[in-house]
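In what follows, chains carry the letters A, B, and so on, assigned in the order in which the sequence lines appear, proteins first and then strands, with residues in each chain numbered from 1. The structure displayed is predicted, hence computed values, not measured ones. Only heavy atoms go into these numbers, but all of them, side chains included; no hydrogens, no water, no symmetry mates.
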Protein chains: 2
Amino acid sequence: MPQLVLIVEDHPIVSESLAQLLTGSDLNIQCLHAPNAAKGLAFLNGNSFDLILLDINLPDMSGIEFCKIAKSRFPGIRILALTTIAQRHVVEKMLDQGADGFILKTSDIDDIIGGIRQVLSGKQYLGKGVKELMNGHSNDNNDLPMITKRESEILKLIADGLTNQEIADKLFISIFTVDSHRKNLLLKFSAKNTATLIKIVVSKGVIDVD
Amino acid sequence: MPQLVLIVEDHPIVSESLAQLLTGSDLNIQCLHAPNAAKGLAFLNGNSFDLILLDINLPDMSGIEFCKIAKSRFPGIRILALTTIAQRHVVEKMLDQGADGFILKTSDIDDIIGGIRQVLSGKQYLGKGVKELMNGHSNDNNDLPMITKRESEILKLIADGLTNQEIADKLFISIFTVDSHRKNLLLKFSAKNTATLIKIVVSKGVIDVD
DNA sequence: TGATAAATCACCTTTTTAGGGGATGTATAG
DNA sequence: CTATACATCCCCTAAAAAGGTGATTTATCA
């Protein structure tokens with residue numbers, strides 16, 4: 001019997017191409033497409049899939065959320081994440097949610113097929129560039145500083161326009177504490193002031209904007 | 001003789017799929033791939049292309065830049081832009097640079113092929129969703145205020161971390177003037193402070209980052 | 001156990017921004 | 001010609017941020 005693969009991907013050109021690659025291979029695979037998370041979850045309830053090829057950027061939900069839900073409902077299902085950008089924290093979150101593999105869309109076709117093969121056979125697979133990313137030996141611009149949970153929380157509030165005092169009130173902490181975190185953020189991102197800080201974190205996707 | 005198409009796209013899965021679609025169609029097309037802008041420009045110098053399928057998000061250069069360069073060197077070449085996100089200002093800039101068509105990657109395969117056909121035959125083509133976007137009947141946020149050239153200039157400097165005083169010195173105007181512009185910007189974008197202002201303009205692409 | 005990182009709190013000074021008033025000249029469009 | 005928008009300039013006050021220099025507790029890790 002063929003193995004059943006669900007492709008959750010909002011770009012028809014990509015999902016179509018993946019399906020052709022898979023059905024054209026020697027893997028004996030049958031594919032179903034879901035252009036968004038909602039349809040993807042609906043498919044999951046009606047069928048018994050062996051593998052999900054999961055895009056991280058979905059129109060209605062983040063792939064991380066989707067992964068979490070899918071794995072909780074169907075613990076046996078295998079999930080291979082596909083994404084355009086190599087962001088360390090995204091990879092970490094996906095693996096935390098139980099993803100079995102991670103491949104960049106900039107990978108070669110062979111790399112992608114190889115990854116699918118590995119994950120289908122029960123192994124974990126990190127694509128070209130992902131392993132280096134996780135080891136910190138990254139050659140591209142992933143030199144973003146690590147920030148703590150609290151810093152990230154305060155960063156979002158700063159971006160939302162709250163003053164130190166307002167943040168302090170909201171989090172039931174001293175304004176001095178908020179100020180410390182703000183200063184640490186400026187330091188970590190080598191930002192001269194709040195304006196540059198926000199420019200950096202928004203453009204690099206450190207915080208989610210609406 | 002076949003028509004020559006250059007695919008400038010950093011995702012092999014997408015460019016491969018496009019190439020298959022094109023060579024498998026009745027269009028008598030021959031494809032070359034460039035995974036980045038640099039190789040794309042190199043290809044342009046060595047061949048005589050009829051069409052460029054151009055991704056907006058390239059690793060080494062924005063598609064808008066690439067379009068500008070390509071059109072200035074080879075005015076006769078036709079350019080069809082492909083992108084993942086529908087942002088009005090991006091479409092406008094591309095068309096300003098002489099792009100002949102614009103298609104979202106979320107489009108159906110047929111829509112994409114149709115667009116390629118149209119552009120190859122000399123017409124302009126705006127894909128599904130793009131026309132609505134340009135007409136303002138869009139479901140997303142096109143309610144961005146108009147800002148003047150001077151305001152835009154000062155906005156960039158604010159985002160770069162310059163203080164009012166530094167901006168005043170740079171532009172040889174009074175700090176009062178800079179402050180007026182800053183206040184107008186806050187007003188126009190309904191921003192409580194500089195942090196939100198920058199968050200808005202960076203996320204909506206009002207200013208270019210790096 | 002000792003080191004380290006994270007989160008918390010504190011004080012002081014100076015600079016910068018925010019928010020509120022205004023005013024003037026100059027182009028441009030109706 | 002006359003609004004209107006734009007860019008320019010001015011003053012005031014209060015609030016906020018930037019910059020410096022500390023400390024304490026807690027937890028985790030080697």
Side-chain angles (χ1 to χ4, degrees), chain A residues 88-89 92-93 95-96 134-136 142-203 206-207, chain B residues 89 92 136 142-203 206-207:
Chain A
R88 191 197 180 110
H89 63 277
E92 277 171 350
K93 280 185 192 163
L95 296 180
D96 283 348
M134 300 305 290
N135 291 336
N142 285 83
D143 48 356
L144 286 175
M146 301 288 289
I147 61 174
T148 68
K149 220 164 33 174
R150 198 56 154 177
E151 282 168 347
S152 158
E153 194 177 2
I154 284 165
L155 185 52
K156 282 189 197 106
L157 296 173
I158 293 173
D160 283 338
L162 277 71
T163 65
N164 286 342
Q165 185 60 65
E166 289 168 335
I167 295 171
D169 294 345
K170 195 177 190 86
L171 301 181
F172 305 108
I173 56 178
S174 158
I175 188 174
F176 300 111
T177 309
V178 180
D179 197 48
S180 290
H181 287 305
R182 190 188 210 110
K183 285 167 183 168
N184 279 331
L185 285 165
L186 290 175
L187 243 177
K188 285 189 175 180
F189 287 96
S190 307
K192 220 183 126 187
N193 55 28
T194 304
T196 14
L197 174 66
I198 299 299
K199 183 182 76 164
I200 294 167
V201 299
V202 171
S203 65
V206 177
I207 59 172
Chain B
H89 64 277
E92 277 170 349
N142 286 350
D143 46 358
L144 286 175
M146 302 288 291
I147 61 173
T148 68
K149 218 165 32 177
R150 197 55 154 177
E151 283 168 348
S152 159
E153 194 177 3
I154 284 167
L155 185 52
K156 282 192 198 100
L157 295 175
I158 292 173
D160 283 338
L162 278 70
T163 65
N164 287 341
Q165 186 61 64
E166 289 167 337
I167 296 171
D169 294 344
K170 195 175 189 88
L171 300 181
F172 305 108
I173 56 180
S174 159
I175 188 174
F176 299 111
T177 308
V178 180
D179 196 49
S180 290
H181 288 305
R182 190 186 210 114
K183 286 170 185 168
N184 279 330
L185 286 165
L186 289 175
L187 242 177
K188 284 188 176 181
F189 287 96
S190 306
K192 217 183 128 185
N193 55 28
T194 305
T196 14
L197 174 67
I198 299 300
K199 183 182 75 166
I200 293 167
V201 301
V202 171
S203 65
V206 177
I207 58 171

Distance-minimising heavy-atom pair for B:Ile207 and B:Ala159: CD1-CB, 3.6 Å

Heavy-atom protein contacts under 4.0 Å, nucleotides 11-26 of chain C, coded B base, S sugar-phosphate only, - none: B----SSSBB------

Euclidean distance, atom CE of residue A:Met146 to atom C1' of C:dA5 [Å, nearest integer]: 12 Å

Rounded interatomic separation in angstrom, taking CD from B:Glu151 and C1' from D:dA5: 10 Å

Closest non-hydrogen atom pair between A:Ile147 and A:Leu185, with its separation: CG2-CD2, 4.1 Å

Nearest-angstrom distance from the residue atom CG of A:Leu185 to C1' of C:dA6: 13 Å

Nearest-Å distance for atom pair NE2/P, residues A:His181 and C:dA5: 16 Å

Selection residues 162-180 of chain B - residue pairs positive for salt bridge (Lys or Arg N to Asp or Glu O under 4.0 Å), sequence neighbours left out: A:Lys192-B:Glu166, B:Asp179-B:Lys183

Rounded distance (Å) that lies between atom C1' of C:dC9 and atom CG of A:Leu171: 15 Å

Touch class at under 4.0 angstrom, heavy-atom based, for B:Thr148 against every strand present: sugar-phosphate

Protein-nucleotide distance (A:Leu197, atom CG; D:dG19, atom P), rounded to Å: 12 Å

A:Ile154 CD1 - C:dA6 C1' separation (whole Å): 12 Å

Nucleotide D:dT8, atom C1' - distance to CG of B:Asn184 in whole Å: 12 Å

